[in-house]
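Lettering follows sequence order; numbering is per chain, from 1.
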2 protein chains.
Amino acid sequence: MENVIRNRTERKKEETRRKIIAVAMELFNERGYARTTVDQVAEGADVAKGTIFNHFPSKEAIVAEYVRRNARETGAEAVNLLKELPDTRSRLTALLQRSLEWFDKNLNRDVLKVYIVYMLQRSLETVKNRGMRSGFNNILEPIVRMGQEAGEIRPDISAEELSNHLEWISASVMILWLAYPEKPLSDIIEREVDLFLNGAFDRRVHEGCFCRVIDKEQTAFFTKKNGHRHNKT
Amino acid sequence: MENVIRNRTERKKEETRRKIIAVAMELFNERGYARTTVDQVAEGADVAKGTIFNHFPSKEAIVAEYVRRNARETGAEAVNLLKELPDTRSRLTALLQRSLEWFDKNLNRDVLKVYIVYMLQRSLETVKNRGMRSGFNNILEPIVRMGQEAGEIRPDISAEELSNHLEWISASVMILWLAYPEKPLSDIIEREVDLFLNGAFDRRVHEGCFCRVIDKEQTAFFTKKNGHRHNKT
DNA sequence: TGCTAAAATGAACTAAGTCCAATTATTAAC
DNA sequence: GTTAATAATTGGACTTAGTTCATTTTAGCA
């Protein structure tokens, strides 16, 4: 209903949006975000400046929409791929790896920074508003939910809140990655994912009774057997 | 050496900075951030607009400096107070509680949002540069270090990285707090601190061997909350 | 064909932030 | 006390993001 482009009006509208995004992204990646003016984009896309702000609330929003569109395209496929993976740790690691590689390929550093800041800013306005979430959050939440259903992730915090928390951790990963380009990306990701899953407490003394990487089946078994103290409604 | 104001030049400079901050904060809190123009601040402080941008890189930076100055004043005292507390959990909880209460008392909501976004933005530029960190990070790092020295916090990740991670979690707390003003602040803080310390793995089956992790109150808190949040549609 | 509604336009406007040459105040040297 | 060097301030012109709105263009529909 919404995804189908109904008639010529819609098609034309979509076409201008598409062109604005295409021209803008090319200019941003080529000359840099700051050195590209909205007027230049307007000229390149052959529309009035007003038209651009008709479609996008701000210059940064063009970048965000570019990313969002790509996430839409590949999002469903990504969720399916993630389902194949054995546990939450591997799913999160894979998702972050995949996403950051995409960013690396498609956005300049300074454009990426703009994107990150804009998304954080928007999350300030939209934590409550589920419809307006970033594409990222839409993938994080299913992952958390899967983990909870498998008994791997604690059920006392809702998937919504956990994925929100995860979104911030993802931002942290991106920023570390930008700040330390010489460090292998996989190291940063593994570390932050581990911190998310295991927390900051020192667990070495307990290693005997608690293995970091939980065997999924076993946990599921335990949870099913005697894990109903916090009666879930 | 640096903190001492040497001569009249320095004193005058400091005086204009002080006046700009004072006038700006009063106007921001009174009429709102967006509805206050830099020209109005300049007029109120009786300086040229250029002078303001001479002292502050941007409008938001005035807010940041206001917060930083206050953090400087009370920072050392805060660290001492935190040393008195028994463990990392109580220190983090106290710090967040204290900070957010200060924000609540001293900044309008919209001014606070501006501050948060600006700090996140800056952290993009300054993760590496320890000298330019936010006042917050300067308190978080000692807390983590204390925890590591006490064998409470895992030593395999550096205090620097952990406190960086914590800074993002703090941002998450602030945003949740802004988004859900009806929820008790302490609930939000406790939850996020717990998530930081214990991680997202489900540990219920292992409770027997994690005496320091979960106490009765905490469990009660989770159970109580659980019923509330999950039922909501 | 003509009517309606959506989209695009252009132009004037506001406000943040930059730039820079001229001016003023402060310090230090003689 | 005069003066040269230095640092802070000023004002004004400029750029750019973003707003506003009246007008025009375009497509849909009957």
Show the numbers, then the answer: is there a side-chain contact (heavy atoms from CB on, under 4.5 Å) between B:Ile62 and B:Ile52? CA-CA 9 Å; B:Ile62 304 176; B:Ile52 292 185; 4.2 Å; yes

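- Within the structure, every side-chain polar atom (N or O) of B:Ser58 is placed at least 4.0 Å from both OP1 and OP2 of C:dA16.
- Atom CD of A:Glu43 sits in a sparse spot, with 12 or fewer heavy atoms from other residues, nucleotides or ligands closer than 6.0 Å.
- For B:Ala48, the side-chain atoms get nearest to D:dG11 when compared with the rest of D:dT19, D:dG11, C:dA7.
- Computed from C1' positions of five pairs at each end, the angle between the two local axes of the helix from C:dT1-D:dA30 to C:dC30-D:dG1 equals 0°, rounded to 10 degrees.
- Taking the side chain of A:Thr16 as heavy atoms from C-beta on, and the options C:dA8, C:dA16, C:dT9, the nearest nucleotide is C:dA8.
- Around atom CG of A:Asp39, more than 12 heavy atoms belonging to other residues, nucleotides or ligands sit under 6.0 Å away.
- On a pure distance criterion of 3.5 Å, no polar donor-acceptor pair joins the side chain of A:Lys49 and the base of C:dG10.
- The CD1-P distance, from B:Ile20 to D:dT9, rounds to 8 Å in whole Å.
- Closest to the B:Lys59 side chain, of the nucleotides C:dA8, D:dG11, C:dG17, is C:dG17.
- For the pair A:His165/A:Glu161, no side-chain contact is recorded, criterion being any heavy-atom separation below 4.5 Å from C-beta on.
- Geometrically, B:Lys113 does not engage B:Tyr33 in a cation-pi contact, judged by NZ or CZ lying under 6.0 Å from the ring centre and within 45° of the ring axis.
- Side-chain contact between A:Met25 and A:Val111: present, with at least one pair of heavy atoms (C-beta onward) separated by less than 4.5 Å.
- Two residues, B:Gly50 and B:Thr9, neighbour DNA chain C, and the one matched to the more 5' nucleotide by heavy-atom proximity is B:Gly50.
- As judged by a 4.0 angstrom heavy-atom cut-off over every strand, A:Glu60 is placed among residues touching the sugar-phosphate backbone only.
- The side chain of B:Arg8 lies closest to C:dT26 when the candidates are C:dT9, C:dT26, C:dA16.
- OP1 or OP2 of D:dA27 has at least one side-chain nitrogen or oxygen of A:Lys12 nearer than 4.0 Å.
- A:Glu14 has its side chain out of reach of A:Glu10: every pair of non-hydrogen atoms, C-beta onward, lies at least 4.5 Å apart.
- Side-chain proximity of B:Phe53 to D:dT9, C:dT27, C:dA16: nearest is C:dA16.
- Closest contact between the side chain of A:Lys13 and the listed nucleotides C:dA7, C:dT9, C:dT18 involves C:dA7.
- Proximity of B:His55 to the phosphate of D:dT9: a side-chain N or O atom is located under 4.0 Å from OP1 or OP2.
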